[in-house]
2 protein chains.
Amino acid sequence: MAYRRTPAVVSRLEDKRARILAAARSLVAEGGWRRAHIATVAETAGMATGTVYRYFPSKAELFAEVLTNVSRRERDVVAAIVDGDGSPAARLAGAVSAFAKRALRGRRLAYALIAEPCDPEIDRARLFWRAALGEEFVRLVRIGQDQGAFRRGDPRLAASCVVGALMEALVGPHAPDPIEDDATAERLVAEVTEACLAIVTRLPARGIGRIA
Amino acid sequence: MAYRRTPAVVSRLEDKRARILAAARSLVAEGGWRRAHIATVAETAGMATGTVYRYFPSKAELFAEVLTNVSRRERDVVAAIVDGDGSPAARLAGAVSAFAKRALRGRRLAYALIAEPCDPEIDRARLFWRAALGEEFVRLVRIGQDQGAFRRGDPRLAASCVVGALMEALVGPHAPDPIEDDATAERLVAEVTEACLAIVTRLPARGIGRIA
DNA sequence: TCAAGAAATGAACCCTGGCTCACTTAGTGA
DNA sequence: TCACTAAGTGAGCCAGGGTTCATTTCTTGA
């Protein structure tokens, strides 16, 4: 005797939620946070602004979910490599280049999720996932140090340097913008990987003299 | 027979301009961009909001000037070291640790100027100066490569990695926040310096096996 | 002292963009 | 078909904060 949540209805609702998420994600991927307005999301998803609020309590939560979905996947990819086998160096190289390749594929999105100025509420989620990604590298650095393959030192610091180098070179505001061809991209990934590896690997014995 | 721009007047005007800049800078240094409102600047400088607009055409230009003043100095410090003498490695170590020390001294300001989400118009100035800083490292990497001290490869990429590692480790959102004592700070600077050096230095010959 | 014009003031303006809510539309079971 | 209820709508509300401008307060030279 009324509107009931039949399976068909539920399915339609879930579909709509997914459409909103997809629209939001695609907007961020195209124009970054600047273009990510609820009104635009609604329009892109083909509905009214009010409708979006039937599925998400606020702009921040909507975009935080977008961010979480993407970031978790990236984190998991890296985590799987960290937990894989091979020498620590090989694993680090693998993790870095895997991340690098994925980031290059969706540069605008990666930049938005990692570095672009954004709403402080969304920023909280971003920091969380950035930390989570960093944590994977910390784990790997610890493994490498324990096996004597990596230089001693604060593993969190080393991991920070790796992540920083990675981010800056690939998706930072001054990263080479249009990746012309695959060869260039591959070369870029290879060099960044080498740099990250160098950060954690033992230095060759060489005097650099008095510093500073 | 009227108000003239006597030297005394000009001096007072310049003084006021300086006070506005100082207030703006100190606000950013304390609370980052979040607190950096024209009204607050005016209050801090002891004047009305409208007065600020007699000296600066817009919020963006005011803060861009703040940013430029600070950034130029940092760039110059690094540039001087790059142009100094000593081996390329020693110069890189010097530049990195000089930058690191200065950044640690004013962490909040450094974070705001380097990484904190901010107004897009201010962001343009920030990108400019970040590029300028990067350029100094590019020059140094080129020198090192020419002398055979550094690994071959795209110098801009290597410089990006250095800058990224530096920024992330020192002022990134996950940098160790309260630097307890000088010894800790010094240790931090030393490790970051070592990491940056490693990025550009030749790797020891060691097989890491098949990568990825 | 006084006229003239620059400097200072700050309340009001206005634009942006997230969010609401009174109303309309549509799906459901009897 | 019809009563009932959920889903959808979008114009308008509202807050934050940059900017303006009519008015007031100096400062100066005569």
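These numbers were taken from a predicted model, which means no experiment stands behind them. Residue numbering restarts at 1 for every chain, and letters A, B, ... go by the order of the sequence lines.
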Measure the distance from CZ on R54(B) to P on dC21(D) and round it to the nearest whole Å.
-> 13 Å
If you check the Y53(B) side chain, which of dA6(C), dT9(D), dT20(D) turns out closest?
-> dT20(D)
Out of dT20(D), dA6(C), dC19(C), whichever nucleotide has its closest atom nearest the side chain of T49(B) = dT20(D)
E43(B) CD - dT9(C) P separation (whole Å) | 12 Å
I38(A) side-chain proximity, nearest of dA6(D), dG18(C), dG10(D) | dG18(C)
Atom-to-atom span, CG of L62(B) to P of dG17(D) - whole angstrom | 16 Å
For the side chain of H37(B), starting at C-beta, report the closest nucleotide among dG18(D), dT19(D), dG10(D).
-> dG18(D)
If you draw a 6.0 Å radius around CZ in R187(A), do more than 12 non-hydrogen atoms from other residues or ligands fall strictly inside?
-> no
Take the protein atom CZ of R35(B) and the nucleotide atom P of dG17(D), then report the distance between them rounded to whole Å.
-> 11 Å
Sort out for me which residue in R12(A), R19(A), E14(A) forms a side-chain contact (heavy atoms from CB on, under 4.5 Å) with K16(A).
-> R19(A)
Within the structure, does a side-chain N or O atom of Y55(B) lie under 4.0 Å from either OP1 or OP2 of dA8(C)?
-> yes
Report yes if at least one side-chain N or O of R34(A) is closer than 4.0 Å to OP1 or OP2 of dG17(C); otherwise report no.
-> no
Check: T51(B) and I20(B) side chains under 4.5 Å, non-hydrogen atoms = no
Of A60(B) and R12(B), whose closest DNA chain D nucleotide lies nearer the 5' terminus?
-> A60(B)
Length of the CE-P vector between M47(B) and dT9(C), whole Å | 7 Å
Within-4.5 Å side-chain heavy-atom neighbours: L13(B) and Y55(B) = yes
Value in whole Å for how far the C1' atom of dG17(C) lies from CD of E121(A) | 14 Å
Do any side-chain nitrogens or oxygens of T51(A) fall under 4.0 Å of OP1 or OP2 in dA7(D)?
-> no
With a 4.5 Å heavy-atom cut-off, do R151(A) and T201(A) have their side chains touching?
-> no
Quickly work out the F56(A) CZ to dG8(D) C1' distance and round it to whole Å.
-> 16 Å
To the nearest angstrom, the NZ-P distance between K59(B) and dT20(D) comes to 15 Å
